[in-house]
There are 2 protein chains.
Amino acid sequence: MSPDPHAQAMLNALGRGDVLSPECPSRAVLQHLTSRWGVLVMAVLATGTYRFAALRRRIGGVSERMLAQTLQQLESDGFVRRRDHGEVPPHVDYSLTPLGHEAAQHLVALVGWIEGNIAAITARAA
Amino acid sequence: MSPDPHAQAMLNALGRGDVLSPECPSRAVLQHLTSRWGVLVMAVLATGTYRFAALRRRIGGVSERMLAQTLQQLESDGFVRRRDHGEVPPHVDYSLTPLGHEAAQHLVALVGWIEGNIAAITARAA
DNA sequence: CGATATACTTACAAAAATGTATGTACTTCC
DNA sequence: GGAAGTACATACATTTTTGTAAGTATATCG
């Protein structure tokens, strides 16, 4: 019997996901976490709670639109928690959920490694 | 004195990078490693040496074009080593460099975590 | 002999990501 | 009173990414 892609999809219903199969939801989650701004948002939030504008100031280059979009994505995946203090002018802050902290841990490790080795990398890059 | 972006760029020349500043080369490297196919290529190569076609079969959904592009990117960053056996029909294989293995370690951890927790994630996703 | 496999590249087209500008309702600082 | 800050949404334009199809030279398989 050859490997059936449908069987793989079933695997992740009861067991563990498989990022190598395109239909597996883990593939989508991976993309959200590793998206251009997703990584940075997670890394910063791993540091603490931030308000929207503060987060934006911290992450160089994000537009409001992208930050909002990224936060919503991560929130709907359950990695980020948004708290609206119901004040006016608006006061909202963002932090990581426990699940978010677990994921962020790996992202932070990756980012940290890159930052620490960037000299070696660029030194010998083609 | 307010934080000068130029000073930040200098920091990474002698010291450590800062992904949060847009001009820092570490930002680009991060994007290569976390690109849609970059993560998967690295994760698979962490497993061993592969020929182009084998890699493509392993990673569900990559087009030849994207795989080639991704591999070239990772090669020029020094994470992947390409070996052409100079035969015809062509025989080329890809593997990780020592630097690549270090980076891949974090990627594999992330991917592993997602695969292992995908049930919990999708269960409570909005 | 025709199909299949190998490792790509290139041109073209479609889709997705991202940026820019504007608006909202209200408050505080100068 | 005017400017700036707060947290976004929305429309529109542009840029970037990604996919598709075709082509290359040769060897092996049936």
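Non-hydrogen atoms lying under 4.0 Å from DNA chain D are contributed by Arg51(A), Phe52(A), Ala53(A), Arg57(A), all within residues 50-57 of chain A.
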A correct 5'-to-3' footprint of nucleotides 17-22 of chain C, with B, S and - meaning base, sugar-phosphate only and no protein heavy atom under 4.0 Å, is -BBB--

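Toward the 5′ end of DNA chain D lies the nearest nucleotide of Pro90(A), the other residue of the pair Ala68(A) and Pro90(A) mapping further downstream.
The outermost nucleotides of DNA chain D lying under 4.0 Å from heavy atoms of chain A, listed 5' to 3', are dG5(D) to dA11(D).
With sequence neighbours excluded, the residues forming a side chain to side chain contact (heavy atoms under 4.5 Å, CB included) with Gln31(A) are Arg27(A), Arg36(B), listed by chain and number. Residues forming a side chain to side chain contact (heavy atoms under 4.5 Å, CB included) with Val92(B) (at least two apart in sequence, or on another chain): Arg82(B), Asp84(B), Tyr94(B). Residues passing the side chain to side chain contact (heavy atoms under 4.5 Å, CB included) test with Gln69(B), sequence neighbours excluded: Arg65(B), Met66(B). Remark: Gln105(B) pairs with no residue by the side chain to side chain contact (heavy atoms under 4.5 Å, CB included) rule, at least two apart or across chains.
Applying the ring-ring contact (aromatic ring centres under 6.0 Å, His included) rule to pairs touching residues 70-89 of chain B yields His85(B)-His91(B), sequence neighbours excluded. The salt bridge (Lys or Arg N to Asp or Glu O under 4.0 Å) pairs that include a residue from residues 88-106 of chain A are Arg83(A)-Asp93(A), where partners are two or more places apart or lie in different chains. Residue pairs meeting the salt bridge (Lys or Arg N to Asp or Glu O under 4.0 Å) criterion with at least one member in residues 103-112 of chain A, sequence neighbours excluded, do not occur. Identified under the salt bridge (Lys or Arg N to Asp or Glu O under 4.0 Å) test for residues 103-126 of chain B, with sequence neighbours left out: Arg16(A)-Glu115(B).
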Under the side-chain contact (heavy atoms from CB on, under 4.5 Å) criterion, do Leu110(B) and Leu30(A) qualify, and how do the steps go? CA-CA 8 Å; Leu110(B) 173 67; Leu30(A) 175 64; 4.1 Å; yes

Donor-acceptor pairs are to be reported for all side-chain atoms of residues 46-55 of chain A against protein atoms at under 3.5 Å, with residues two or more places apart or in another chain.
from	atom 1	to	atom 2	distance (Å)
Thr47(A)	OG1	Val44(A)	O	3.4
Tyr50(A)	OH	Arg58(A)	NH1	3.1
Arg51(A)	NH2	Pro90(A)	O	3.3

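Counting to the nearest Å, the P atom of dT27(C) and the NE2 atom of His85(A) are 18 Å from each other.
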